[in-house]
Each structure stands twice: as C-alpha cells, then as structure tokens.
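Note that the numbering runs from 1 along the sequence shown for the chain.
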Amino acid sequence: MSLYHVWATAMAPPEALIFRGTHLLFALVLVYLMFPVAVGTDGQRRWWGIDALLIGASVAVVGHIFITYQQITNRIIYIDDLTLADKLMAVLAVLLVLDATRRVIGWALPMTAMAFLAYALLGTDIKLQVLLEQMYLSTEGIFGSTLGVSASYVIVFVLFGSFMEKSGTGRLFMDFALSITGHTAGGPGKVAVVSSSLFGTISGSAVANVMVDGPITIPLMKRTGFKPAFAAGVESTASTGGQIMPPIMGAAAFVMAEYLAVSYFQVTVWAWIPALLFYVAVFAAVHFNAKRVGLMGLPRAELPRLAVVMAERGHLFIPILIVLVGMSMSFSAPLCALVGAFSCLPVALLRKSTREGISWRTVIDSLQGGAKDALAVAMACACAGLVIGTIALTGLGITFTQIVIALAQNSLLLALVLTAMAGIVLGMGMPTTPAYIVMVALLVPALVKLGVATPAAHLFALYFAVLSAITPPVALAVFAAAGLAKASMWESGGHAMRIGAAGFIVPFMFVYEPALMMIGPWTQVLPAVASATLGCIVLAAGLFGYLLRECSAWQRAALIATALLLIKPGWLTDAIGLALLAGVLASQWAGRARDAAPASGD
C-alpha cells in the first residue's frame with residue numbers, strides 16, 4: 001500500500017476513480033486482515049472464512065470499477081440505467097465501507113452514515129438506483145474528494161511521520177523540550193506541552209500523541225508533585241493541540257485545503273497564530289498552577305543540555321525543514337512530504353549518535369507503520385463520503401443552513417455557539433476528519449451566510465472537531481492519558497477542560513478578528529496578536545489563581561474579565577482590560593511587599 005502511494009506521488013496519480021479505488025481496495029483488504037470479525041480468548045482469529053469472503057468481496061467491488069471503467073465514464077449519469085451487476089456491487093460497496101469503518105473506529109460514523117442514507121430513501125423521493133449511482137459510480141460518494149484527500153495527502157504525510165518516528169525524532173523532541181523547560185517551575189508539565197506540540201507536527205492524532213509522549217512525561221510530572229489527574233489533563237490537552245499545529249497538522253487540514261481550493265501551505269499560514277495562542281495558554285496554565293502549588297522543576301544535573309542535544313541530534317530537524325521550504329517554494333505538499341520521508345533515514349545516518357538501529361528493516365517498518373496508521377483515516381473518509389454524497393443529493397445542507405440561521409435569529413454569536421456544540425458532539429463519536437467534513441456540509445455555510453470569512457468559518461469548525469478529544473463524556477485523548485496516569489477519567493477531563501479553556505475561546509477570537517489568521521495588513525495583525533496573547537495568559541492566571549502571587553477571589557474574577565476584554569477585538573475593550581490588569585498587578589505587588597516585610601524585619 002505504501003509503495004503504491006510512493007509511486008503515485010512521485011509519478012503523478014492515475015484518474016481519480018482508479019486512484020481512489022485502489023486506495024480503498026488496499027485499505028479494505030488490510031482492515032479485514034488486521035481487524036478480524038472475531039477473536040478467541042486465546043487471542044487467535046476466529047471465523048477466518050468470513051474475513052476471507054469479505055476480502056474477496058472487496059476485490060470484486062473495486063475490480064468491477066476497473067473492468068467497467070470505460071462504460072462508467074461514457075454513460076450519462078442519472079439517465080442511463082444501471083446493470084444488475086452495478087446495483088449488486090453498489091450495495092456491497094456501501095456495506096463493506098460501513099463494516100470496515102466500524103471495525104477500525106467504532107459505530108458512531110457508520111451509524112451516522114446509515115441515518116443519512118435512510119433519510120434519503122425514506123424521507124425524500126430519491127430512487128434507490130439514483131442513490132446507489134451517487135455512492136458507487138460517481139466521485140460524489142464513496143470515491144469522493146474526501147477519499148481523494150486520504151489517497152493524495154494523508155497517507156504520504158502519515159508515511160513521513162512514520163519515517164521520522166523510526167529515525168529517532170521522537171527522542172529529539174523529548175530531549176529538546178527537557179533541555180529548555182525541564183528546570184523551570186512545573187518543568188515536566190512544560191516538557192509535555194513543548195514535546196507534544198512538536199510531536200503533533202508529525203502525528204496528527206491526539207491519542208497517538210498521548211501514547212508516545214505520555215509514558216515519559218506523565219511519570220515525570222507525578223514524580224515532581226503533579227497530581228495524577230492534572231498530569232493526565234496536561235498531556236491530553238497538549239497532545240490534542242498537535243492536530244492544529246503547523247507545519248504538519250492533522251488529516252482534516254488537508255481536507256480543508258481541498259474544500260477551499262487553496263494550497264495546504266496557505267492553510268498552515270492561517271492556522272499558525274491560533275495554534276500558538278492555544279499553546280501559549282496551555283503553557284501558562286501549567287506555569288501558574290505549578291507556582292500556586294509550589295512545584296519545582298527537575299534538577300539540572302538530570303537534564304540534557306540544549307547545546308549537546310542540538311549537536312548530537314539537531315540534524316534530525318532537517319526533514320521538517322525540507323517539507324517547510326518545499327511547500328513555501330510552491331512544490332506540492334505530497335511531494336514535499338515524500339522527499340522529507342525519504343530524507344529521514346539518510347539524515348539519521350549522518351551522525352554516530354543517531355545511526356544506531358538504522359537498517360533496511362527500518363525502511364520496511366516505516367512503510368508498514370505508515371500504511372497501518374493510514375487505515376483509520378482512509379475508512380473514515382470513505383464512510384464520510386456516504387454522508388457528503390447524501391447531503392449533496394438531497395439538498396440537506398441548504399435545509400440545515402436555514403435551520404441554523406432561524407435558530408440563531410441572525411445572531412452570529414448564537415450561530416457560532418451552535419456550531420461549536422455540534423462540533424464537540426460530532427467529534428465525541430468520530431475522528432476529527434469526518435466530524436469536520438460533516439460540519440462543513442451542514443453548518444459552515446450558515447456561518448458564511450452570516451458574514452464570517454470563509455477560511456475563518458472552516459478553521460472554526462476544525463478547531464471544535466479537534467477539541468472534542470478533551471471534552472467529556474467521550475474524550476478519547478483524556479481516556480488514554482488517564483489510563484497512563486492511573487487517574488479518574490472525569491477528574492482528568494475537568495483539568496483538561498480548564499487547561500485548554502483558551503482553546504475554546506480562540507476560535508471565536510479569529511472569527512471576529514481575521515487578523516489573527518494573518519488576513520489583513522501587519523498594522524492590524526501585530527496589535528491583534530499582542531492583545532490576544534496577553535488575554536490568553538491572563539485567562540490562565542485567572543483560572544488557576546496565580547499571577548505574581550496567589551490571587552484572591554476578586555483578583556481572579558478581575559483577571560478573567562480582563563482576559564475576555566483583551567480577547568475581544570477593539571481598542572476600547574483593550575484599554576479597559578489593560579486598566580483592570582494594572583489594578584490587579586498593583587494589588588499583587590503590594591501583597592508581595594507585605595509578605596516580604598516581616599522577613600526583612602527579622
């Protein structure tokens with residue numbers, strides 16, 4: 001599977017239906033090989049014959065597309081009748097996609113797709129033949145643009161991440177974070193924030209990020225005094241942000257580029273400042289909580305030195321630079337990722353410190369790992385195609401837009417809140433990419449109609465699909481981190497929500513102030529960034545009750561009010577917020593002076 005996509009990226013892919021069909025065939029066969037229908041108590045596969053039959057059916061479904069490709073491209077869609085074989089294969093294709101998606105990511109997305117299909121059949125006058133044709137014989141259903149993104153972009157970037165991981169870049173990220181923040185107050189928590197933001201650039205999965213970083217950072221946090229639930233909250237929140245952290249975001253960012261018909265590099269430009277605001281707020285939350293509780297960092301003697309880390313392993317950053325420079329020079333994102341992937345191992349071989357363990361087996365393991373990691377996204381995109389195809393066929397998107405506008409009564413804030421709630425609910429049950437796709441089809445048009453800039457509306461939907469990973473009751477990143485920390489899931493989720501509170505506000509910020517997406521002149525961008533950054537830091541201080549010293553109740557309330565005033569665009573609110581902040585700072589300085597007075601007298 002990996003080698004096919006390497007070839008397609010290097011040599012240019014075939015026609016859409018052939019390329020996406022091959023991608024889906026690889027994914028279906030691997031899912032049925034790796035996720036058996038039944039497993040016995042001894043861990044062995046049961047009922048192998050069923051999986052073998054389903055593999056044969058997968059080959060037949062995609063093979064039918066290949067064999068009848070000329071007839072499919074020459075026929076008049078929705079006019080020419082389907083053959084009996086077309087109908088049988090279409091039904092089989094839908095069932096296979098639903099089943100394989102269920103095996104990989106659970107029931108939520110397949111049930112959503114079934115509900116939409118049922119609506120098309122039972123709630124409208126659309127004929128079964130037309131629905132089957134849309135789903136199977138066009139590039140508007142299963143083989144739609146979402147599966148195209150998975151085939152063209154996602155698997156290549158997943159391969160890039162796999163090669164980076166196997167070349168030892170994960171250790172570089174961890175040592176780099178330890179060297180710059182490990183000694184400060186709450187150092188291990190800050191290490192989790194920095195390393196997770198870096199690892200997120202090559203992962204794109206909150207849970208995968210937790211499972212790589214968590215086994216190292218969570219024990220470090222607990223050792224220096226962090227409560228287990230708070231440690232889980234820090235790791236899950238920091239890992240979740242990786243999906244919105246350029247230069248290499250999660251899979252949904254590639255879908256966003258496809259929908260907006262812009263380069264992936266442009267999406268990363270829009271996402272930079274909102275992502276940094278998120279991580280500034282998380283970093284500040286860890287710092288203020290550590291200062292309030294009195295948590296120290298790790299002894300410097302136990303930490304790697306930055307100069308040594310960069311001298312021994314810093315060259316492993318080169319593949320990321322290759323991708324960044326290539327995309328900035330307008331080369332295609334998949335080609336840049338491919339070159340970056342195949343530079344990982346040669347770069348690792350440059351120094352003795354990173355050469356150990358690198359062999360031809362590493363290449364094979366990286367190719368295998370990339371294909372395996374791409375399966376969940378491939379099946380999610382195919383299943384989401386059923387939803388998108390139904391929406392396009394029934395006009396349901398227009399209906400939803402009208403409903404949202406009616407409920408919001410032309411209030412943009414209310415429409416944003418409704419969209420945010422929908423994103424969190426959808427994201428609870430399905431991965432970020434299909435949750436974002438459904439929101440784009442149903443809710444984003446309403447935001448655009450209410451005057452939101454199109455890129456801001458899409459990024460808003462993406463953010464809330466991402467943040468569902470830390471929003472109870474179904475918070476997958478929190479589940480993973482709480483398990484590692486041996487902490488209560490609910491308590492961990494509460495901490496994650498508080499640590500990531502600014503993340504829930506940042507999307508509203510860039511909707512009302514597009515300058516935060518670097519849209520507009522620098523004279524607007526710089527003041528907006530300064531105000532928003534200060535607002536995020538002050539919000540963390542208010543939520544955790546510490547600025548220069550522990551805050552009183554009125555100071556915490558004033559800090560939260562200050563944050564909201566600074567976050568809201570406009571010079572008047574900024575001025576009021578700064579005045580409030582000055583009052584709190586003056587009160588805190590006076591308090592510190594009173595605390596120090598007895599000591600100087602003694």
When you measure from the side chain of [X] to the backbone N and O of [Y], does any donor-acceptor pair fall under 3.5 Å?
{"X": "Ser263", "Y": "Gln266", "result": "yes"}
{"X": "Ser162", "Y": "Ser366", "result": "yes"}
{"X": "Ser167", "Y": "Phe163", "result": "yes"}
{"X": "Thr237", "Y": "Gly233", "result": "yes"}

Pair Ser196-Glu235, side-chain hydrogen bond (donor to acceptor under 3.5 Å, both in side chains): steps then yes or no: CA-CA 8 Å; Ser196 294; Glu235 180 55 51; 3.0 Å; yes

Spacing of [X] atom [atom1] and [Y] atom [atom2] [to the nearest 0.5 Å]:
{"X": "Leu17", "Y": "Leu137", "atom1": "CG", "atom2": "CG", "result": "8.0 Å"}
{"X": "Ser236", "Y": "Ile499", "atom1": "OG", "atom2": "CD1", "result": "7.0 Å"}
{"X": "Ile322", "Y": "Phe317", "atom1": "CD1", "atom2": "CZ", "result": "14.0 Å"}
{"X": "Phe35", "Y": "Asp99", "atom1": "CZ", "atom2": "CG", "result": "12.0 Å"}
{"X": "Leu277", "Y": "Leu516", "atom1": "CG", "atom2": "CG", "result": "6.0 Å"}
{"X": "Leu484", "Y": "Ile218", "atom1": "CG", "atom2": "CD1", "result": "4.5 Å"}

Qualifying side-chain hydrogen bond (donor to acceptor under 3.5 Å, both in side chains) pairs, either residue in residues 6-28, two or more places apart: His5-His23, His23-Ser150

Side chain proximity check, [X] to [Y], heavy atoms < 4.5 angstrom:
{"X": "Val194", "Y": "Tyr279", "answer": "no"}
{"X": "Ile318", "Y": "Ser343", "answer": "no"}
{"X": "Val149", "Y": "Cys381", "answer": "no"}
{"X": "Ile65", "Y": "Tyr136", "answer": "yes"}
{"X": "Val61", "Y": "Leu28", "answer": "no"}
{"X": "Tyr32", "Y": "Leu96", "answer": "yes"}
{"X": "Val94", "Y": "Ile142", "answer": "yes"}
{"X": "Phe19", "Y": "Ser152", "answer": "yes"}

Met34 atom CE, neighbour heavy-atom count above 12 within 6.0 Å: yes

Over 12 non-hydrogen atoms of neighbours within 6.0 angstrom of OH in Tyr4: yes

With Thr390, the side chain to side chain contact (heavy atoms under 4.5 Å, CB included) member among Glu140, Gln134, Met135: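 One option only clears the test, and that one is Met135.
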
Verdict with supporting geometry, Leu539 and Ile505, side-chain contact (heavy atoms from CB on, under 4.5 Å): CA-CA 10 Å; Leu539 178 64; Ile505 297 175; 3.6 Å; yes

Evaluation steps, side-chain contact (heavy atoms from CB on, under 4.5 Å), between Thr394 and Phe116: CA-CA 10 Å; Thr394 61; Phe116 276 87; over 6 Å; no

Scan the side chains in residues 454-464 for donor-acceptor partners under 3.5 Å anywhere in the protein, sequence neighbours excluded, and list what turns up.
residue	atom	partner	partner atom	Å
His458	ND1	Tyr436	OH	2.8
Tyr463	OH	Pro274	O	3.3
Tyr463	OH	Ala275	N	3.0

Test ring pair (Phe, Tyr, Trp, His ring centres under 6.0 Å) applied to Tyr153 - qualifying residues, sequence neighbours left out: Phe254

Met379 and Ile105: CA distance, side-chain angles, deciding distance, side-chain contact (heavy atoms from CB on, under 4.5 Å) verdict: CA-CA 9 Å; Met379 294 317 308; Ile105 62 173; over 6 Å; no

Derivation of the side-chain contact (heavy atoms from CB on, under 4.5 Å) call for Ile155 and Met1: CA-CA 9 Å; Ile155 187 169; Met1 181 177 183; 3.8 Å; yes

